[in-house]
Number of protein chains: 2
Amino acid sequence: MNREDALSIIKSFLLELLPDLSEEAWNEFAKRVIIHKYKKGEVVYKPGVVCNYVSYICSGLLRSYFLIDGKEVITAFADTNSYFSDYESFLTQQPVRMYTDALEDTVVVDIDYNNLQELYSTYHDCEKIGRLIAENLFIELSNRNYDFQFDGPEKRYEKFLEQCESIVQRIPQYMIASYIGVTPEALSRIRARRNNGNGNVLVDQDQ
Amino acid sequence: MNREDALSIIKSFLLELLPDLSEEAWNEFAKRVIIHKYKKGEVVYKPGVVCNYVSYICSGLLRSYFLIDGKEVITAFADTNSYFSDYESFLTQQPVRMYTDALEDTVVVDIDYNNLQELYSTYHDCEKIGRLIAENLFIELSNRNYDFQFDGPEKRYEKFLEQCESIVQRIPQYMIASYIGVTPEALSRIRARRNNGNGNVLVDQDQ
DNA sequence: AAAAGTTATTGATCTAAATCAATAAAAAAA
DNA sequence: TTTTTTTATTGATTTAGATCAATAACTTTT
(Lines give C-alpha, C1' and ligand atoms only; values in the text may rest on other atoms or scores of the structure.)
Protein backbone atom coordinates (compact mmCIF):
# COMPACT_ATOMS: atom_id res chain seq x y z
CA MET A 1 0.00 0.00 0.00
CA ASN A 2 1.68 3.22 -1.21
CA ARG A 3 0.68 6.80 -0.49
CA GLU A 4 -1.13 7.18 -3.84
CA ASP A 5 -3.34 4.18 -3.24
CA ALA A 6 -4.10 5.16 0.34
CA LEU A 7 -5.05 8.70 -0.66
CA SER A 8 -7.30 7.50 -3.40
CA ILE A 9 -9.20 5.27 -0.95
CA ILE A 10 -9.65 8.16 1.45
CA LYS A 11 -10.76 10.47 -1.29
CA SER A 12 -13.62 8.19 -2.25
CA PHE A 13 -14.56 7.91 1.39
CA LEU A 14 -14.70 11.69 1.76
CA LEU A 15 -16.59 12.13 -1.48
CA GLU A 16 -19.25 9.81 -0.15
CA LEU A 17 -19.68 12.10 2.84
CA LEU A 18 -19.49 15.28 0.77
CA PRO A 19 -19.93 14.70 -2.97
CA ASP A 20 -19.00 18.23 -3.96
CA LEU A 21 -15.81 18.41 -1.91
CA SER A 22 -13.64 21.02 -3.59
CA GLU A 23 -10.38 19.98 -5.21
CA GLU A 24 -8.57 22.67 -3.28
CA ALA A 25 -9.74 21.45 0.12
CA TRP A 26 -8.89 17.90 -0.84
CA ASN A 27 -5.41 18.83 -2.02
CA GLU A 28 -4.65 20.69 1.17
CA PHE A 29 -5.91 17.74 3.17
CA ALA A 30 -3.86 15.29 1.12
CA LYS A 31 -0.71 17.35 1.68
CA ARG A 32 -1.00 17.09 5.42
CA VAL A 33 -1.71 13.44 6.09
CA ILE A 34 0.95 10.98 7.09
CA ILE A 35 1.06 7.23 6.80
CA HIS A 36 1.63 5.07 9.83
CA LYS A 37 2.14 1.35 10.11
CA TYR A 38 1.58 -0.95 13.09
CA LYS A 39 2.61 -4.55 13.55
CA LYS A 40 0.09 -7.00 14.94
CA GLY A 41 -0.02 -6.53 18.71
CA GLU A 42 1.57 -3.10 18.62
CA VAL A 43 0.14 -0.49 20.96
CA VAL A 44 -1.25 2.59 19.25
CA TYR A 45 -2.36 4.57 22.32
CA LYS A 46 -2.09 3.90 26.01
CA PRO A 47 -3.45 5.76 29.04
CA GLY A 48 -1.63 8.99 29.67
CA VAL A 49 -0.78 9.95 26.10
CA VAL A 50 -2.95 12.31 24.09
CA CYS A 51 -4.50 11.00 20.91
CA ASN A 52 -3.39 13.49 18.34
CA TYR A 53 -4.73 11.85 15.21
CA VAL A 54 -7.81 10.92 13.36
CA SER A 55 -6.90 7.87 11.32
CA TYR A 56 -8.27 6.23 8.26
CA ILE A 57 -7.57 2.51 8.29
CA CYS A 58 -6.36 1.41 4.89
CA SER A 59 -5.75 -2.15 5.98
CA GLY A 60 -5.78 -4.08 9.23
CA LEU A 61 -7.84 -4.03 12.41
CA LEU A 62 -7.60 -1.94 15.57
CA ARG A 63 -9.30 -2.32 18.91
CA SER A 64 -9.74 -0.11 21.96
CA TYR A 65 -10.22 -1.29 25.50
CA PHE A 66 -10.25 -0.16 29.08
CA LEU A 67 -8.03 -2.00 31.53
CA ILE A 68 -10.10 -2.26 34.70
CA ASP A 69 -8.37 -4.07 37.54
CA GLY A 70 -6.38 -6.24 35.23
CA LYS A 71 -9.25 -6.99 32.89
CA GLU A 72 -9.69 -5.81 29.33
CA VAL A 73 -13.06 -4.31 28.48
CA ILE A 74 -13.23 -3.79 24.75
CA THR A 75 -15.29 -0.85 23.57
CA ALA A 76 -14.48 -0.67 19.87
CA PHE A 77 -13.12 -2.49 16.86
CA ALA A 78 -12.06 -0.43 13.88
CA ASP A 79 -11.84 -2.34 10.64
CA THR A 80 -10.24 -1.68 7.28
CA ASN A 81 -11.93 1.16 5.39
CA SER A 82 -13.25 2.98 8.40
CA TYR A 83 -11.91 5.87 10.40
CA PHE A 84 -10.67 5.68 13.93
CA SER A 85 -9.68 7.93 16.77
CA ASP A 86 -9.79 8.03 20.53
CA TYR A 87 -12.11 10.85 19.72
CA GLU A 88 -12.75 12.00 23.27
CA SER A 89 -9.03 12.50 23.84
CA PHE A 90 -8.56 14.01 20.40
CA LEU A 91 -11.34 16.55 20.89
CA THR A 92 -10.47 17.52 24.43
CA GLN A 93 -6.71 17.11 23.94
CA GLN A 94 -6.69 15.28 27.26
CA PRO A 95 -4.90 11.95 27.82
CA VAL A 96 -6.68 8.83 26.63
CA ARG A 97 -8.14 6.45 29.21
CA MET A 98 -8.15 3.47 26.88
CA TYR A 99 -5.57 1.30 25.27
CA THR A 100 -5.69 0.96 21.52
CA ASP A 101 -3.71 -1.71 19.75
CA ALA A 102 -3.48 -3.48 16.43
CA LEU A 103 -5.10 -6.91 16.16
CA GLU A 104 -3.52 -7.33 12.74
CA ASP A 105 -0.74 -5.63 10.82
CA THR A 106 -2.34 -2.29 10.09
CA VAL A 107 -1.75 0.69 7.82
CA VAL A 108 -3.43 3.97 8.66
CA VAL A 109 -3.41 7.47 7.22
CA ASP A 110 -3.34 10.12 9.93
CA ILE A 111 -4.19 13.78 10.13
CA ASP A 112 -3.07 15.50 13.28
CA TYR A 113 -5.00 17.84 15.52
CA ASN A 114 -3.37 21.13 14.56
CA ASN A 115 -3.50 20.46 10.87
CA LEU A 116 -7.13 19.47 11.14
CA GLN A 117 -8.08 22.60 13.08
CA GLU A 118 -6.34 24.65 10.41
CA LEU A 119 -8.23 22.88 7.66
CA TYR A 120 -11.49 23.34 9.55
CA SER A 121 -10.92 27.08 9.78
CA THR A 122 -9.68 27.53 6.26
CA TYR A 123 -12.04 25.29 4.31
CA HIS A 124 -15.76 25.25 4.87
CA ASP A 125 -15.80 21.84 3.19
CA CYS A 126 -13.43 20.40 5.77
CA GLU A 127 -15.49 21.88 8.56
CA LYS A 128 -18.56 20.23 7.09
CA ILE A 129 -16.86 16.86 6.90
CA GLY A 130 -15.79 17.28 10.52
CA ARG A 131 -19.38 17.96 11.49
CA LEU A 132 -20.70 15.00 9.55
CA ILE A 133 -18.17 12.68 11.13
CA ALA A 134 -18.93 13.90 14.64
CA GLU A 135 -22.63 13.45 13.93
CA ASN A 136 -22.11 9.93 12.65
CA LEU A 137 -20.04 9.02 15.69
CA PHE A 138 -22.80 10.35 17.91
CA ILE A 139 -25.41 8.24 16.17
CA GLU A 140 -23.24 5.13 16.38
CA LEU A 141 -22.67 5.67 20.06
CA SER A 142 -26.39 6.25 20.67
CA ASN A 143 -27.14 2.94 19.06
CA ARG A 144 -24.53 1.09 21.06
CA ASN A 145 -26.00 2.70 24.16
CA TYR A 146 -29.44 1.51 23.21
CA ASP A 147 -28.20 -2.02 22.69
CA PHE A 148 -26.65 -2.10 26.14
CA GLN A 149 -29.72 -0.72 27.87
CA PHE A 150 -32.45 -2.59 26.08
CA ASP A 151 -31.06 -5.65 24.38
CA GLY A 152 -30.02 -8.65 26.40
CA PRO A 153 -26.62 -10.31 25.88
CA GLU A 154 -28.12 -12.82 23.41
CA LYS A 155 -29.46 -10.09 21.18
CA ARG A 156 -26.25 -8.10 21.39
CA TYR A 157 -24.42 -11.20 20.24
CA GLU A 158 -26.82 -11.71 17.33
CA LYS A 159 -26.41 -8.10 16.29
CA PHE A 160 -22.65 -8.38 16.51
CA LEU A 161 -22.69 -11.41 14.24
CA GLU A 162 -24.80 -9.51 11.73
CA GLN A 163 -23.15 -6.14 11.89
CA CYS A 164 -19.55 -7.19 12.33
CA GLU A 165 -19.58 -10.17 10.05
CA SER A 166 -16.20 -9.24 8.61
CA ILE A 167 -14.59 -9.12 12.07
CA VAL A 168 -16.12 -12.21 13.68
CA GLN A 169 -13.78 -14.70 12.06
CA ARG A 170 -10.70 -12.67 12.79
CA ILE A 171 -10.88 -12.35 16.58
CA PRO A 172 -11.11 -14.86 19.44
CA GLN A 173 -14.50 -15.36 21.04
CA TYR A 174 -13.49 -13.84 24.35
CA MET A 175 -13.03 -10.51 22.61
CA ILE A 176 -16.56 -10.65 21.29
CA ALA A 177 -17.71 -11.46 24.81
CA SER A 178 -15.84 -8.44 26.13
CA TYR A 179 -17.28 -6.18 23.44
CA ILE A 180 -20.87 -7.24 24.06
CA GLY A 181 -20.36 -6.87 27.79
CA VAL A 182 -20.34 -10.41 29.17
CA THR A 183 -17.77 -12.90 30.42
CA PRO A 184 -16.34 -15.52 28.05
CA GLU A 185 -18.22 -18.16 30.06
CA ALA A 186 -21.51 -16.36 29.58
CA LEU A 187 -20.98 -16.07 25.83
CA SER A 188 -20.13 -19.72 25.62
CA ARG A 189 -23.47 -20.49 27.27
CA ILE A 190 -25.33 -18.18 24.96
CA ARG A 191 -23.86 -20.07 22.03
CA ALA A 192 -24.75 -23.42 23.57
CA ARG A 193 -28.36 -22.29 23.97
CA ARG A 194 -28.47 -21.05 20.37
CA ASN A 195 -27.34 -24.45 19.13
CA ASN A 196 -30.08 -26.26 21.02
CA GLY A 197 -32.74 -23.96 19.57
CA ASN A 198 -32.05 -25.01 16.01
CA GLY A 199 -31.34 -28.70 15.42
CA ASN A 200 -27.81 -28.22 14.21
CA VAL A 201 -25.69 -29.86 16.79
CA LEU A 202 -27.49 -32.45 18.86
CA VAL A 203 -28.13 -35.58 16.83
CA ASP A 204 -29.02 -39.09 17.91
CA GLN A 205 -25.89 -41.03 18.61
CA ASP A 206 -26.76 -44.69 17.82
CA GLN A 207 -28.78 -46.50 15.12
CA MET B 1 -39.73 35.94 28.43
CA ASN B 2 -39.97 37.84 25.12
CA ARG B 3 -38.14 37.16 21.87
CA GLU B 4 -35.50 39.82 22.54
CA ASP B 5 -34.54 38.31 25.89
CA ALA B 6 -34.50 34.79 24.56
CA LEU B 7 -32.30 35.73 21.63
CA SER B 8 -29.86 37.56 23.83
CA ILE B 9 -29.44 34.48 26.04
CA ILE B 10 -28.80 32.30 23.00
CA LYS B 11 -26.35 34.78 21.57
CA SER B 12 -24.15 34.65 24.65
CA PHE B 13 -24.35 30.87 24.56
CA LEU B 14 -23.18 30.79 20.94
CA LEU B 15 -20.45 33.34 21.56
CA GLU B 16 -19.07 31.08 24.25
CA LEU B 17 -18.77 28.31 21.67
CA LEU B 18 -17.44 30.59 18.95
CA PRO B 19 -16.22 33.95 20.27
CA ASP B 20 -15.75 35.49 16.83
CA LEU B 21 -19.15 34.53 15.47
CA SER B 22 -19.91 37.00 12.69
CA GLU B 23 -22.81 39.44 13.10
CA GLU B 24 -24.15 38.39 9.74
CA ALA B 25 -24.33 34.70 10.62
CA TRP B 26 -25.94 35.57 13.94
CA ASN B 27 -28.55 37.80 12.33
CA GLU B 28 -29.51 35.15 9.83
CA PHE B 29 -29.79 32.64 12.61
CA ALA B 30 -31.87 34.99 14.75
CA LYS B 31 -34.28 35.59 11.87
CA ARG B 32 -35.07 31.93 11.56
CA VAL B 33 -35.71 30.76 15.08
CA ILE B 34 -39.17 30.39 16.53
CA ILE B 35 -40.31 30.38 20.14
CA HIS B 36 -42.29 27.47 21.49
CA LYS B 37 -43.96 27.04 24.89
CA TYR B 38 -44.91 23.86 26.69
CA LYS B 39 -47.08 23.41 29.77
CA LYS B 40 -45.89 21.11 32.51
CA GLY B 41 -46.64 17.56 31.46
CA GLU B 42 -47.03 18.42 27.79
CA VAL B 43 -45.54 15.99 25.30
CA VAL B 44 -42.87 17.45 23.03
CA TYR B 45 -42.06 14.38 20.93
CA LYS B 46 -43.48 10.89 20.87
CA PRO B 47 -42.47 7.77 18.94
CA GLY B 48 -43.34 8.01 15.30
CA VAL B 49 -42.86 11.73 14.76
CA VAL B 50 -39.64 13.19 13.43
CA CYS B 51 -37.78 15.63 15.64
CA ASN B 52 -37.39 18.63 13.41
CA TYR B 53 -35.82 21.05 15.85
CA VAL B 54 -32.78 21.81 17.86
CA SER B 55 -34.01 23.75 20.87
CA TYR B 56 -32.45 26.10 23.32
CA ILE B 57 -34.24 25.97 26.65
CA CYS B 58 -34.78 29.47 27.95
CA SER B 59 -36.70 28.30 30.99
CA GLY B 60 -38.12 25.03 32.27
CA LEU B 61 -37.07 21.41 32.23
CA LEU B 62 -37.46 18.65 29.64
CA ARG B 63 -36.90 14.95 29.89
CA SER B 64 -36.63 12.10 27.39
CA TYR B 65 -37.49 8.50 28.04
CA PHE B 66 -38.04 5.19 26.36
CA LEU B 67 -41.26 3.37 27.10
CA ILE B 68 -40.29 -0.29 27.36
CA ASP B 69 -43.15 -2.63 28.13
CA GLY B 70 -45.02 -0.03 30.07
CA LYS B 71 -42.01 1.28 31.93
CA GLU B 72 -40.31 4.63 31.54
CA VAL B 73 -36.56 4.54 31.15
CA ILE B 74 -35.27 8.09 31.34
CA THR B 75 -32.18 8.85 29.29
CA ALA B 76 -31.91 12.62 29.54
CA PHE B 77 -32.91 15.73 31.41
CA ALA B 78 -32.47 19.07 29.68
CA ASP B 79 -32.41 22.03 32.00
CA THR B 80 -32.80 25.76 31.51
CA ASN B 81 -29.90 27.28 29.57
CA SER B 82 -28.90 24.20 27.69
CA TYR B 83 -29.78 22.95 24.25
CA PHE B 84 -31.90 19.96 23.51
CA SER B 85 -32.87 17.74 20.63
CA ASP B 86 -33.73 14.15 19.92
CA TYR B 87 -30.53 14.46 18.00
CA GLU B 88 -30.55 11.01 16.48
CA SER B 89 -33.94 11.63 14.93
CA PHE B 90 -33.02 15.16 13.94
CA LEU B 91 -29.84 14.08 12.18
CA THR B 92 -31.26 11.06 10.43
CA GLN B 93 -34.71 12.62 9.93
CA GLN B 94 -36.15 9.32 11.07
CA PRO B 95 -38.95 9.03 13.66
CA VAL B 96 -37.94 9.36 17.29
CA ARG B 97 -37.99 6.27 19.50
CA MET B 98 -38.29 8.22 22.73
CA TYR B 99 -40.90 10.33 24.38
CA THR B 100 -39.89 13.83 25.37
CA ASP B 101 -42.07 15.87 27.68
CA ALA B 102 -41.93 18.94 29.88
CA LEU B 103 -41.43 18.42 33.61
CA GLU B 104 -42.11 22.11 34.17
CA ASP B 105 -43.63 24.91 32.13
CA THR B 106 -40.95 25.42 29.50
CA VAL B 107 -39.99 28.01 26.91
CA VAL B 108 -37.68 26.98 24.09
CA VAL B 109 -36.25 28.65 21.03
CA ASP B 110 -36.24 26.34 18.03
CA ILE B 111 -34.39 26.20 14.76
CA ASP B 112 -35.73 23.69 12.28
CA TYR B 113 -33.83 21.18 10.19
CA ASN B 114 -34.09 22.87 6.80
CA ASN B 115 -33.19 26.29 8.09
CA LEU B 116 -30.25 24.85 9.95
CA GLN B 117 -28.94 23.00 6.89
CA GLU B 118 -29.20 26.21 4.95
CA LEU B 119 -27.28 28.11 7.59
CA TYR B 120 -24.66 25.36 7.69
CA SER B 121 -24.10 25.64 3.96
CA THR B 122 -24.17 29.39 3.79
CA TYR B 123 -22.16 30.35 6.88
CA HIS B 124 -18.92 28.69 7.79
CA ASP B 125 -19.48 29.97 11.34
CA CYS B 126 -22.76 28.11 11.66
CA GLU B 127 -21.16 24.98 10.31
CA LYS B 128 -18.45 25.31 12.93
CA ILE B 129 -20.99 25.71 15.73
CA GLY B 130 -22.80 22.65 14.42
CA ARG B 131 -19.57 20.70 14.55
CA LEU B 132 -18.73 21.87 18.05
CA ILE B 133 -22.17 20.95 19.33
CA ALA B 134 -22.03 17.50 17.76
CA GLU B 135 -18.59 17.01 19.29
CA ASN B 136 -19.79 18.07 22.72
CA LEU B 137 -22.76 15.75 22.53
CA PHE B 138 -20.43 12.93 21.60
CA ILE B 139 -18.21 13.60 24.60
CA GLU B 140 -21.19 13.79 26.96
CA LEU B 141 -22.52 10.52 25.66
CA SER B 142 -19.10 8.87 25.99
CA ASN B 143 -18.99 9.88 29.61
CA ARG B 144 -22.47 8.62 30.32
CA ASN B 145 -21.45 5.37 28.66
CA TYR B 146 -18.40 5.13 30.85
CA ASP B 147 -20.48 5.69 33.97
CA PHE B 148 -22.83 2.90 33.05
CA GLN B 149 -20.05 0.45 32.26
CA PHE B 150 -17.66 1.17 35.07
CA ASP B 151 -19.40 2.95 37.90
CA GLY B 152 -21.81 1.08 40.13
CA PRO B 153 -25.28 2.45 40.89
CA GLU B 154 -24.03 4.13 44.09
CA LYS B 155 -21.40 6.08 42.25
CA ARG B 156 -23.78 7.00 39.46
CA TYR B 157 -26.11 8.38 42.11
CA GLU B 158 -23.30 10.39 43.74
CA LYS B 159 -22.30 11.80 40.38
CA PHE B 160 -25.87 12.70 39.59
CA LEU B 161 -26.18 14.59 42.86
CA GLU B 162 -22.99 16.51 42.07
CA GLN B 163 -23.52 17.13 38.39
CA CYS B 164 -27.27 17.71 38.36
CA GLU B 165 -27.56 19.61 41.59
CA SER B 166 -29.99 22.05 40.04
CA ILE B 167 -32.32 19.28 38.91
CA VAL B 168 -32.29 17.03 41.97
CA GLN B 169 -34.76 19.04 44.00
CA ARG B 170 -37.18 19.44 41.13
CA ILE B 171 -37.89 15.83 40.22
CA PRO B 172 -39.18 12.82 42.15
CA GLN B 173 -36.67 10.25 43.26
CA TYR B 174 -37.99 7.53 41.00
CA MET B 175 -36.94 9.60 38.02
CA ILE B 176 -33.41 9.80 39.32
CA ALA B 177 -33.52 6.03 39.79
CA SER B 178 -34.65 5.60 36.22
CA TYR B 179 -31.94 7.93 34.90
CA ILE B 180 -29.14 6.16 36.76
CA GLY B 181 -30.47 2.81 35.63
CA VAL B 182 -31.92 1.19 38.75
CA THR B 183 -35.37 0.55 40.20
CA PRO B 184 -36.85 3.00 42.72
CA GLU B 185 -36.48 0.32 45.39
CA ALA B 186 -32.78 -0.05 44.65
CA LEU B 187 -32.20 3.69 44.87
CA SER B 188 -34.06 3.84 48.15
CA ARG B 189 -31.66 1.21 49.51
CA ILE B 190 -28.64 3.04 48.18
CA ARG B 191 -29.81 6.11 50.07
CA ALA B 192 -30.45 4.10 53.24
CA ARG B 193 -26.89 2.74 53.09
CA ARG B 194 -25.47 6.23 52.54
CA ASN B 195 -27.27 7.50 55.63
CA ASN B 196 -25.81 4.77 57.81
CA GLY B 197 -22.32 5.59 56.63
CA ASN B 198 -22.37 9.13 57.97
CA GLY B 199 -24.11 9.67 61.30
CA ASN B 200 -26.74 12.04 60.01
CA VAL B 201 -29.96 10.24 60.53
CA LEU B 202 -29.76 7.66 63.26
CA VAL B 203 -29.78 9.40 66.64
CA ASP B 204 -30.54 8.15 70.13
CA GLN B 205 -34.21 8.44 70.82
CA ASP B 206 -34.51 9.04 74.60
CA GLN B 207 -32.66 11.19 77.19
C1' DA C 1 4.26 -35.78 16.56
C1' DA C 2 4.72 -34.08 21.31
C1' DA C 3 4.64 -30.22 24.33
C1' DA C 4 3.20 -25.81 25.65
C1' DG C 5 0.25 -22.22 25.47
C1' DT C 6 -4.25 -20.32 24.22
C1' DT C 7 -9.01 -20.42 23.96
C1' DA C 8 -13.58 -22.51 24.76
C1' DT C 9 -16.77 -25.26 27.31
C1' DT C 10 -19.22 -27.01 31.27
C1' DG C 11 -20.56 -27.30 36.18
C1' DA C 12 -21.20 -25.39 40.96
C1' DT C 13 -21.70 -21.51 43.70
C1' DC C 14 -22.32 -16.65 44.74
C1' DT C 15 -24.18 -12.01 44.39
C1' DA C 16 -26.22 -7.60 43.15
C1' DA C 17 -30.14 -5.99 41.75
C1' DA C 18 -34.94 -7.06 39.99
C1' DT C 19 -39.30 -8.37 41.22
C1' DC C 20 -43.16 -9.02 44.23
C1' DA C 21 -45.71 -7.39 48.14
C1' DA C 22 -46.93 -4.58 51.88
C1' DT C 23 -46.78 -0.41 54.30
C1' DA C 24 -45.58 4.32 55.34
C1' DA C 25 -44.89 8.99 54.25
C1' DA C 26 -45.77 13.00 51.63
C1' DA C 27 -48.37 15.80 48.44
C1' DA C 28 -52.50 17.13 46.14
C1' DA C 29 -57.33 17.35 45.87
C1' DA C 30 -61.64 17.33 47.99
C1' DT D 1 -59.34 19.15 57.67
C1' DT D 2 -60.08 14.53 55.62
C1' DT D 3 -59.59 11.84 51.60
C1' DT D 4 -57.18 10.37 47.65
C1' DT D 5 -53.21 9.90 44.97
C1' DT D 6 -48.46 9.81 44.39
C1' DT D 7 -44.01 8.70 46.07
C1' DA D 8 -40.71 6.32 49.11
C1' DT D 9 -39.30 2.69 52.17
C1' DT D 10 -38.62 -1.96 53.83
C1' DG D 11 -38.75 -7.03 53.63
C1' DA D 12 -38.84 -11.64 51.15
C1' DT D 13 -37.89 -14.04 47.05
C1' DT D 14 -36.10 -14.75 42.46
C1' DT D 15 -32.82 -14.50 38.80
C1' DA D 16 -29.34 -13.44 35.30
C1' DG D 17 -24.93 -13.29 35.00
C1' DA D 18 -20.33 -13.22 37.59
C1' DT D 19 -16.99 -15.83 39.72
C1' DC D 20 -14.48 -19.96 40.80
C1' DA D 21 -12.77 -24.34 39.23
C1' DA D 22 -11.87 -28.07 36.20
C1' DT D 23 -11.47 -29.92 31.79
C1' DA D 24 -11.45 -30.07 26.80
C1' DA D 25 -10.46 -28.38 22.30
C1' DC D 26 -7.61 -25.75 19.45
C1' DT D 27 -3.04 -23.47 17.96
C1' DT D 28 1.52 -22.74 17.83
C1' DT D 29 6.06 -23.98 18.74
C1' DT D 30 9.58 -27.12 19.14
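Keep in mind that this is a model prediction, so the values were computed, not measured. Here is how names work: the chains are called A, B, and so on, in the same order as the sequence lines, proteins then strands, and each is numbered from 1.
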Which nucleotide in the list dT9(D), dA18(C), dT10(C) gets nearest to the side chain of Ser188(A)?
->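 Given the options dT9(D), dA18(C), dT10(C), the side chain of Ser188(A) is closest to dT10(C).
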
Which one, dG17(D), dT7(C), dA17(C), comes nearest to the side chain of Tyr174(A)?
->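 From the listed options, dT7(C) comes nearest.
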
Starting from [atom2] on [N], measure out to [atom1] on [X] and report it in whole angstrom.
X         : N       : atom1 : atom2 : answer
Ile171(B) : dT7(D)  : CD1   : P     : 12 Å
Ile176(B) : dT6(D)  : CD1   : C1'   : 16 Å
Asn195(B) : dT10(D) : CG    : P     : 9 Å
Met175(A) : dT6(C)  : CE    : P     : 13 Å
Asp151(B) : dA16(C) : CG    : P     : 17 Å
Gln149(B) : dA18(D) : CD    : P     : 12 Å
Leu187(B) : dT7(D)  : CG    : P     : 14 Å
Ile68(A)  : dA18(D) : CD1   : P     : 15 Å

For dA8(C), does OP1 or OP2 lie under 4.0 Å from any side-chain N or O of Arg191(A)?
->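 Result: no.
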
Is any side-chain N or O of Gln173(A) closer than 4.0 Å to OP1 or OP2 of dT9(C)?
->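 Indeed, a polar side-chain atom of Gln173(A) lies that close.
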
Is the CD atom of Glu165(B) crowded by more than 12 outside heavy atoms at less than 6.0 Å?
->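 Count not over threshold, so no.
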
Listing, residues 84-91 of chain A side-chain donor-acceptor contacts under 3.5 Å, not counting sequence neighbours, or none:
{"from": "Ser85(A)", "atom 1": "OG", "to": "Tyr53(A)", "atom 2": "O", "distance (Å)": "2.8"}
{"from": "Asp86(A)", "atom 1": "OD1", "to": "Ser89(A)", "atom 2": "N", "distance (Å)": "3.4"}
{"from": "Glu88(A)", "atom 1": "OE2", "to": "Arg97(A)", "atom 2": "NH2", "distance (Å)": "3.4"}
{"from": "Ser89(A)", "atom 1": "OG", "to": "Cys51(A)", "atom 2": "N", "distance (Å)": "2.9"}
{"from": "Ser89(A)", "atom 1": "OG", "to": "Gln94(A)", "atom 2": "O", "distance (Å)": "2.5"}

How does protein reach along nucleotides 19-30 of chain D, written 5' to 3' as B (base within reach of a heavy atom under 4.0 Å), S (only sugar-phosphate), or - (no contact)?
-> BB----------

Would you tell me whether Thr75(B) and Ser64(B) have side-chain atoms, one donor and one acceptor, within less than 3.5 Å of each other?
->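 The answer is no; no qualifying pair exists.
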
Contacts table for residues 127-137 of chain B: side-chain donor-acceptor under 3.5 angstrom, sequence neighbours left out:
{"from": "Glu127(B)", "atom 1": "OE1", "to": "His124(A)", "atom 2": "NE2", "distance (Å)": "3.0"}
{"from": "Glu127(B)", "atom 1": "OE1", "to": "Lys128(A)", "atom 2": "NZ", "distance (Å)": "3.4"}
{"from": "Glu127(B)", "atom 1": "OE2", "to": "Arg131(A)", "atom 2": "NE", "distance (Å)": "2.3"}
{"from": "Glu127(B)", "atom 1": "OE2", "to": "Arg131(A)", "atom 2": "NH2", "distance (Å)": "3.0"}
{"from": "Lys128(B)", "atom 1": "NZ", "to": "Ser121(A)", "atom 2": "OG", "distance (Å)": "3.0"}
{"from": "Lys128(B)", "atom 1": "NZ", "to": "Glu127(A)", "atom 2": "OE1", "distance (Å)": "3.4"}
{"from": "Arg131(B)", "atom 1": "NE", "to": "Glu127(A)", "atom 2": "OE2", "distance (Å)": "2.3"}
{"from": "Arg131(B)", "atom 1": "NH1", "to": "Glu135(B)", "atom 2": "OE1", "distance (Å)": "3.3"}
{"from": "Arg131(B)", "atom 1": "NH1", "to": "Glu135(B)", "atom 2": "OE2", "distance (Å)": "3.0"}
{"from": "Arg131(B)", "atom 1": "NH2", "to": "Glu127(A)", "atom 2": "OE2", "distance (Å)": "3.0"}
{"from": "Asn136(B)", "atom 1": "ND2", "to": "Leu132(B)", "atom 2": "O", "distance (Å)": "3.4"}

Could you tell me whether Arg191(B) sits above the aromatic face of Tyr157(B), with NZ or CZ closer than 6.0 angstrom to the six-membered ring centre and within 45 degrees of the axis?
->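 Geometry flag: not set, cation outside 6.0 Å or 45°.
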
Would Leu103(B) and Met175(B) count as a side chain to side chain contact (heavy atoms under 4.5 Å, CB included) if you check the C-alpha gap in whole Å, the side-chain angles of each, and the deciding distance to 0.1 Å?
-> CA-CA 11 Å; Leu103(B) 295 179; Met175(B) 286 192 187; 3.8 Å; yes

Decide, yes or no, whether a salt bridge links Glu118(A) with Arg32(A) under the criterion of side-chain N to carboxylate O below 4.0 Å.
->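 Yes, charged N to carboxylate O under 4.0 Å.
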
Any pair counted as side-chain hydrogen bond (donor to acceptor under 3.5 Å, both in side chains), so long as it reaches residues 2-13 of chain B, sequence neighbours left out |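 Passing the test, one end in residues 2-13 of chain B: Lys11(B)-Glu23(B).
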
Listed partners of Phe13(B) passing side chain to side chain contact (heavy atoms under 4.5 Å, CB included), at least two apart |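 Partners of Phe13(B) under the side chain to side chain contact (heavy atoms under 4.5 Å, CB included) test: Leu17(B), Tyr56(B), Tyr83(B).
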
Residues in contact with DNA chain D, drawn from residues 155-169 of chain B - heavy-atom cutoff 4.0 Å =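 Those residues whose heavy atoms fall under 4.0 Å from DNA chain D, taken from residues 155-169 of chain B, amount to none.
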
